[in-house]
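Worksheet: one structure, shown below.
Side chains are part of it too, since the values below use all heavy atoms of this structure and drop only hydrogens, waters and symmetry mates.
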Amino acid sequence: MSGSDRKGSTRRMTGAERREQLITVGRGLFAERGFEGTAIEEVATRAGVSKPVVYEHFGGKEGLYAVVVDREVTELLRQMRTSLTPREPRALLESSAIALLTYIEASPDGFRIIVRDSPPGASTSTFQSIIGDVGNRVEGLLAEEFERHGLDAEHAPMYAQMLIGMTVTLGQWWLDTRSPDKDTVAAHLVNLAWHGLTGLHADPELRT
């Protein structure tokens with residue numbers, strides 16, 4: 001085999017490809033062990049490179065973690081914002097619940113990472129930024145509904161936090177159980193939020 005053939009069969013990654021590989025490896029380790037339990041040495045070993053290569057791309061573990069978290073936050077925010085468009089309140093509740101569960105289903109590692117606290121001094125966005133963003137949007141939509149029904153709109157922020165807290169906590173539980181399926185989970189969430197304990201339906205279904 002000629003030298004050119006050998007070279008062609010072992011093509012080196014481009015800088016962009018190597019960066020993506022390191023992000024993928026780091027994402028898996030951060031999801032499995034958290035920030036503190038992950039070492040640059042293991043990221044490098046799993047990627048088949050030396051430690052200086054990781055430092056060259058990210059400057060250290062904090063830099064790699066920041067990129068991983070920022071990507072996950074951006075994607076989850078995109079999905080949640082898409083679901084929070086003006087519409088009938090029950091449909092809004094259903095779509096937001098499905099959006100979160102769909103993200104968890106597709107990106108369980110990503111969800112595990114962003115619900116953990118960021119390392120001390122990290123400048124990256126965290127799950128709290130998502131909660132804040134979604135809370136502001138839900139608050140505005142609820143305030144409109146409160147006024148339409150003659151309720152005190154000043155209570156809308158409190159109710160927004162109730163709904164978000166219930167949904168997020170349920171998502172964290174479902175992350176590991178994965179049973180029942182996401183549509184069933186979302187239907188029961190809406191059942192409680194929409195009807196309350198005294199008006200629960202025995203076999204709830206999504207309408208949208």
Side-chain angles (χ1 to χ4, degrees), residues 1-85 95-137 164 167-168 171-178 182:
M1 181 182 293
S2 67
S4 60
D5 289 337
R6 286 195 300 271
K7 183 177 179 180
S9 63
T10 58
R11 183 184 70 84
R12 294 181 60 184
M13 288 185 180
T14 64
E17 289 171 339
R18 179 65 72 190
R19 179 180 175 84
E20 288 302 314
Q21 180 207 25
L22 292 171
I23 291 171
T24 299
V25 171
R27 184 177 182 270
L29 284 169
F30 289 133
E32 179 184 342
R33 303 181 182 179
F35 177 81
E36 295 297 337
T38 299
I40 284 294
E41 290 85 352
E42 187 160 14
V43 174
T45 298
R46 289 196 181 186
V49 300
S50 62
K51 286 198 300 181
V53 172
V54 184
Y55 286 110
E56 177 184 345
H57 282 278
F58 303 101
K61 184 169 70 170
E62 292 81 2
L64 175 57
Y65 184 86
V67 171
V68 170
V69 172
D70 185 65
R71 284 193 174 191
E72 297 301 329
V73 167
T74 299
E75 177 57 23
L76 180 52
L77 267 179
R78 183 191 68 78
Q79 294 188 30
M80 294 304 296
R81 285 171 175 170
T82 300
S83 73
L84 294 172
T85 54
S95 65
S96 59
I98 285 293
L100 177 63
L101 295 174
T102 297
Y103 171 79
I104 293 172
E105 184 177 59
S107 304
D109 283 351
F111 189 71
R112 285 189 178 91
I113 291 169
I114 61 178
V115 296
R116 291 187 173 121
D117 291 334
S118 295
S123 60
T124 185
S125 299
T126 66
F127 195 54
Q128 291 306 312
S129 70
I130 300 175
I131 298 301
D133 182 271
V134 173
N136 289 335
R137 292 167 183 266
I164 294 169
T167 304
V168 169
Q172 290 175 296
W173 169 81
W174 190 71
L175 173 65
D176 294 316
T177 62
R178 295 304 184 87
K182 70 180 178 183

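Within the structure, side chain to side chain donor-acceptor pair (under 3.5 Å) pairs that include any residue of residues 48-57 comprise E41-K51 (at least two apart or interchain). For residues 76-85, the set of pairs meeting the salt bridge (charged side-chain N to carboxylate O under 4.0 Å, His left out) definition, not counting sequence neighbours, comprises E75-R78, R81-D133.
Of all heavy-atom pairs spanning S83 and S96, the tightest one is OG-CA, 3.5 Å. Between Y65 and I113, the shortest heavy-atom contact is OH-O, 3.9 Å. Across all their heavy atoms, T85 and T82 have their closest contact at CG2-O, 3.3 Å. Heavy atoms only, all atoms of each residue included: Q21 and R18 are closest at OE1-NH1, 2.6 Å.
Residue Y103 holds its OH atom at 7.0 Å from CD1 of I130, rounded to the nearest 0.5 Å. Note that NZ of K182 is 3.0 Å distant from OG1 of T102, once rounded to the nearest 0.5 Å. Interatomic distance, L101 CG to Q79 CD, rounded to the nearest 0.5 Å: 11.0 Å.
Of the residues listed (L22, V53, V49), the one engaging V43 in a side-chain contact (heavy atoms from CB on, under 4.5 Å) is L22, and it is the only one.
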Can I get a per-line list of side-chain donor-acceptor pairs under 3.5 Å for residues 23-35, giving both atom names and the distance, sequence neighbours left out?
residue	atom	partner	partner atom	Å
T24	OG1	E20	O	3.0
R27	NE	E72	OE2	2.6
R27	NH2	E72	OE2	3.3
R33	NH1	E42	OE1	2.2
R33	NH1	E42	OE2	3.2
R33	NH2	E42	OE2	3.2

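Listed by chain and number, the residues in a salt bridge (charged side-chain N to carboxylate O under 4.0 Å, His left out) with K61 amount to none (sequence neighbours excluded). Taking R112 as the reference, D109, D176 meet the salt bridge (charged side-chain N to carboxylate O under 4.0 Å, His left out) condition, with sequence neighbours excluded.
By the 4.5 Å heavy-atom criterion applied to side chains, L100 and L76 are counted as neighbours.
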